[in-house]
Colleague: 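Please read through the structure below; I'll follow up with questions.
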Number of protein chains: 4
Amino acid sequence: MSRQPTSNRRSEQSRQAILTAAAGLCAEVGYAATTVEGIAARAGVGKQTIYRWWPSKAAVLLEHMERVREAQAGFPDTGDLRADLLAQTSAVQALFGGDLGAVWRGLLIAAQSEDVAAAGVRALLEQAISDAKERLARAREAGELRPDADLDMAVEIIYGPLYHAWLLRARPLPEAYMKEVLALVFEGLAG
Amino acid sequence: MSRQPTSNRRSEQSRQAILTAAAGLCAEVGYAATTVEGIAARAGVGKQTIYRWWPSKAAVLLEHMERVREAQAGFPDTGDLRADLLAQTSAVQALFGGDLGAVWRGLLIAAQSEDVAAAGVRALLEQAISDAKERLARAREAGELRPDADLDMAVEIIYGPLYHAWLLRARPLPEAYMKEVLALVFEGLAG
Amino acid sequence: MSRQPTSNRRSEQSRQAILTAAAGLCAEVGYAATTVEGIAARAGVGKQTIYRWWPSKAAVLLEHMERVREAQAGFPDTGDLRADLLAQTSAVQALFGGDLGAVWRGLLIAAQSEDVAAAGVRALLEQAISDAKERLARAREAGELRPDADLDMAVEIIYGPLYHAWLLRARPLPEAYMKEVLALVFEGLAG
Amino acid sequence: MSRQPTSNRRSEQSRQAILTAAAGLCAEVGYAATTVEGIAARAGVGKQTIYRWWPSKAAVLLEHMERVREAQAGFPDTGDLRADLLAQTSAVQALFGGDLGAVWRGLLIAAQSEDVAAAGVRALLEQAISDAKERLARAREAGELRPDADLDMAVEIIYGPLYHAWLLRARPLPEAYMKEVLALVFEGLAG
DNA sequence: TGATAATCGAGACGGTACGTCGCGTCTTCAG
DNA sequence: CTGAAGACGCGACGTACCGTCTCGATTATCA
């Protein structure tokens with residue numbers, strides 16, 4: 001997200017303080033009430049130091065998300081697709097309920113109106129989707145998935161319900177939510 | 001959404017101009033760039049006339065959505081669940097691509113930060129979900145759906161992929177998108 | 001100074017508060033440390049209310065000076081030029097030592113870099129000079145002044161020493177300063 | 001003005017570049033628009049190199065003025081006071097119209113709000129006044145001036161008109177301006 | 001058929017946050 | 001190991017909208 005990939009003059013301390021402050025504010029007061037001035041104040045930093053390196057608050061949060069993502073393992077592959085999907089989607093569901101969920105929610109909002117945020121969110125999302133598709137492709141080879149299944153669509157069928165319930169309906173989800181969703185979509189609504 | 005549902009003094013002309021201007025702006029410049037001042041100017045109306053009847057721009061757009069919804073037929077019921085679902089979800093998909101899609105997108109954003117918008121969106125959404133659940137309940141009776149299917153979850157499985165593809169991925173969808181989704185989720189990813 | 005000579009919607013209360021606050025700040029902390037934000041805060045007013053009616057802090061102070069000037073009598077004319085000059089210049093000297101002196105000092109500074117201030121200061125200054133010249137012209141008719149005296153120059157000779165001592169040297173002046181200056185310049189340095 | 005009058009480590013080249021750049025900028029864009037960053041950029045120097053040796057832009061300009069002053073002869077003394085005054089004040093008038101006039105104007109502004117500048121300006125001004133007073137004292141001895149003339153006041157009477165016309169009125173002056181002023185003040189306005 | 005009172009358009013008001021500029025200090029690194 | 005380059009915390013700038021508040025000027029009932 002930084003304009004100049006790595007300026008050696010840049011203060012790593014300020015960078016960290018800004019990322020942390022932004023994520024904290026977003027979790028505490030929500031994306032809309034998170035202001036650049038607020039981030040700067042909480043990080044003990046001048047506003048210009050934020051604007052020097054990021055074009056907007058969304059870009060700051062994006063970098064935060066990217067860092068978190070980088071620290072995570074890839075898509076699990078134990079050989080059992082349903083078990084792997086359950087593990088992965090349940091982890092996502094748990095994450096949605098935490099501070100990072102608030103940040104991600106904010107970014108999804110920002111992506112609707114800012115090009116920078118839209119591009120960053122797209123990149124993050126497509127990366128995750130790409131990981132999932134790879135796993136699904138292997139499963140399709142192994143006969144765990146219909147041979148004619150469109151993988152993009154499969155991903156949407158698996159994650160769509162979770163996003164619908166979390167982002168749009170904002171309803172409390174049982175811990176086993178994804179277990180049941182996977183059972184239904186794998187075995188078919190028609191039974 | 002109006003505070004005083006029916007004031008005989010109220011100018012119906014202004015009301016219409018405001019609703020139209022708001023929806024138009026939202027479609028043209030996006031929700032974030034749609035301002036109350038902009039709506040007032042385009043509608044040829046004073047700001048106070050907006051604030052007198054609606055608490056925020058989201059409330060104006062909500063009323064617009066409600067009016068459109070009222071003008072629509074309920075959930076179709078021909079006796080063939082899959083055909084009805086296809087008809088309904090395809091209509092929704094078409095709507096997402098038009099001006100009303102921009103308005104709905106804006107409201108979904110607003111719902112993340114404003115209580116009024118959240119309540120209104122929830123009402124609209126839950127009404128639609130309720131309609132769908134009723135149709136699904138009848139289908140379950142008729143044996144078109146597994147007898148143990150959770151209807152809330154079923155709705156999320158049917159609409160989730162569409163929202164995921166439209167709202168989050170913002171990818172262009174083939175006309176037959178929902179046809180294929182329904183085929184997959186009814187017959188099961190496992191095949 | 002106001003863009004629209006007299007808007008009937010304008011708040012006279014805010015206007016007064018702003019003029020008073022600006023003059024007060026200027027007297028207390030000096031022109032350079034007087035900020036638009038500071039004026040707004042002290043006047044209990046939004047910044048925009050200042051920018052709506054004045055292009056800069058200098059313009060606000062100019063209006064303050066103009067109002068004070070309007071409330072003042074014209075150049076005295078008792079028939080005795082030296083006595084009139086003494087009365088007038090002594091009043092000016094006294095004024096320089098008070099709060100209005102700080103304001104005027106600030107405007108003279110601003111006039112060096114801002115066109116708006118320069119124009120306003122010029123207008124005030126030339127008005128005062130014009131008044132003085134009129135009085136001097138009458139005195140010249142009456143034989144109290146050399147018949148060949150250039151009046152612009154005469155004004156500069158009379159007020160120049162005071163400005164030099166007050167603005168540039170910033171030295172404390174005896175009450176009778178102008179009395180002695182007038183004696184010297186009227187009778188001649190050569191004696 | 002420099003804190004450490006003679007540091008052997010100091011780059012004389014940078015010093016000269018800074019003084020020249022500062023004076024040039026002041027003449028071209030005015031004192032207010034002359035920024036430390038601008039001086040540094042024009043001089044091809046880091047900002048710190050300026051702040052290491054001068055406390056502010058005013059101090060830089062002050063040093064420039066001092067250097068110019070040092071290169072000048074003292075107050076002329078041919079034995080004819082009026083001729084000497086005319087020579088000296090006409091030189092000053094000419095200087096006011098050039099680049100150095102812009103610098104001096106800037107310093108007079110700065111002196112109204114900065115202590116450092118005020119002290120420096122005062123020193124320069126009082127030195128010049130002192131020189132003038134010495135010359136006037138000799139003339140008073142010689143009977144060219146009234147024996148009771150206050151010399152501080154005499155200086156103000158001689159230079160005040162010029163400053164008034166140049167700094168405050170900013171009016172174009174005829175070349176013979178000071179000749180006429182001296183004639184009037186020496187012979188008296190009353191004639 | 002006025003009086004009268006709510007609503008209208010217009011837009012000024014006190015605010016908050018924006019994104020930018022320049023300050024004077026601090027840090028990095030090339031010569 | 002100096003000095004250019006420039007990042008840093010900071011404070012003020014002038015602008016955009018917010019939601020509230022006055023203004024007359026309609027305008028639609030009721031006396």
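All values below come from the heavy atoms of this structure, side chains included, with hydrogens, waters and symmetry mates left out. All chains are named by letter (A, B, ...) in the order of the sequence lines, taking the proteins before the strands, and each is independently numbered beginning at 1.
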Colleague: Can you check the B/Tyr51 OH to E/dT7 P distance for me, whole Å?
Modeller: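 Taking atom P of E/dT7 as the reference, OH of B/Tyr51 is at 19 Å.
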
Colleague: Can you find a donor-acceptor pair, distance only, under 3.5 Å between B/Lys47 side chain and E/dG9 base?
Modeller: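 Check fails, no donor-acceptor contact within cut-off.
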
Colleague: Determine the minimum heavy-atom distance between A/Ile39 and A/Ala21, stating which atoms define it.
Modeller: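 Closest approach of A/Ile39 to A/Ala21: O-CB, 3.8 Å.
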
Colleague: May I have the distance from A/Glu114 (atom CD) to E/dG19 (atom P), rounded to whole angstrom?
Modeller: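 For the pair A/Glu114 CD and E/dG19 P, the rounded distance is 8 Å.
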
Colleague: Would you please confirm or rule out a distance under 4.0 Å between OP1 or OP2 of E/dG9 and any side-chain N or O of B/Thr49?
Modeller: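 Affirmative; the distance criterion is met.
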
Colleague: Do you know the tightest heavy-atom contact between A/Ile50 and A/Val36?
Modeller: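 Distance-wise, the nearest heavy atoms are CD1-O, 3.8 Å.
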
Colleague: How many whole angstroms separate atom CD1 of A/Ile39 from atom P of F/dC10?
Modeller: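 Value for this atom pair: 16 Å.
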
Colleague: Is any side-chain heavy atom of A/Trp104 less than 4.5 Å from a side-chain heavy atom of A/Met65?
Modeller: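 Yes, close enough: below the 4.5 Å cut-off.
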
Colleague: Does E/dC13 have OP1 or OP2 under 4.0 Å away from a side-chain N or O of C/Trp53?
Modeller: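 It does, given that an N or O in the side chain of C/Trp53 lies less than 4.0 Å from OP1 or OP2 of E/dC13.
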
Colleague: Find the distance B/Glu37:CD to E/dG15:P and express it as a whole number of Å.
Modeller: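 Whole-Å distance recorded here is 18 Å.
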
Colleague: Is it the case that E/dC13 (base atoms only) and C/Gln48 (side chain only) share a donor and an acceptor within less than 3.5 Å, ignoring hydrogens and angles?
Modeller: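 Such a pair does not exist between side chain and base.
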
Colleague: Any idea which of F/dG3, E/dA17, E/dT7 is nearest the B/Arg52 side chain?
Modeller: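 Per side-chain heavy atoms of B/Arg52, the pick is E/dT7.
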
Colleague: Starting at atom CZ of C/Arg15, determine the distance to atom C1' of E/dC13, rounded to an integer number of angstrom.
Modeller: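 Answer to the nearest Å: 15 Å.
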
Colleague: Under 4.0 Å between a side-chain N or O of A/Ser14 and OP1 or OP2 of F/dA7?
Modeller: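 No, because none of the side-chain N or O atoms of A/Ser14 sits under 4.0 Å from OP1 or OP2 of F/dA7.
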
Colleague: Can you tell me the distance, in whole Å, between the CD1 atom of D/Ile18 and the C1' atom of F/dA5?
Modeller: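 Whole-Å distance recorded here is 14 Å.
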
Colleague: Whole angstroms only, please: what is the CD1-C1' distance between B/Ile50 and E/dA10?
Modeller: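 Distance check: B/Ile50 CD1 to E/dA10 C1' gives 13 Å.
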
Colleague: Within this structure, what is the CD-to-C1' distance between A/Glu12 and E/dT27, rounded to whole angstrom?
Modeller: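 Atom CD in A/Glu12 sits about 15 Å away from atom C1' in E/dT27.
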
Colleague: Decide salt bridge (charged side-chain N to carboxylate O under 4.0 Å, His left out) for A/Arg67 and A/Glu70; before the verdict, give the C-alpha distance in whole Å, the side-chain angles of both, and the deciding distance to 0.1 Å.
Modeller: CA-CA 5 Å; A/Arg67 301 227 156 180; A/Glu70 281 164 15; 5.5 Å; no

Colleague: Using only atom types and a distance under 3.5 Å, with no angle test, would you say the side chain of D/Glu63 pairs donor to acceptor with the backbone of D/Ala59?
Modeller: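 Such a contact is absent between D/Glu63 side chain and D/Ala59 backbone.
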
Colleague: The side chain of D/Val36 lies closest to which of these nucleotides: E/dA12, F/dC8, E/dC23?
Modeller: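 Shortest atom-to-atom distance from the side chain points to E/dC23.
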
Colleague: Between A/Lys57 and B/Gly46, which is nearer to the 5' end of DNA chain E once each is assigned its nearest nucleotide?
Modeller: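 This one resolves to B/Gly46.
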
Colleague: Identify whether any heavy atom of A/Gly44 sits under 4.0 Å from a base atom; if not, whether one sits that close to sugar-phosphate; answer base, sugar-phosphate or nothing.
Modeller: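 If one applies the 4.0 Å heavy-atom cut-off, A/Gly44 turns out to touch the sugar-phosphate alone, with no base involved.
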
Colleague: Heavy-atom nearest nucleotide on DNA chain F for B/Thr34 versus A/Val45: which residue maps closer to 5'?
Modeller: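 This one resolves to A/Val45.
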
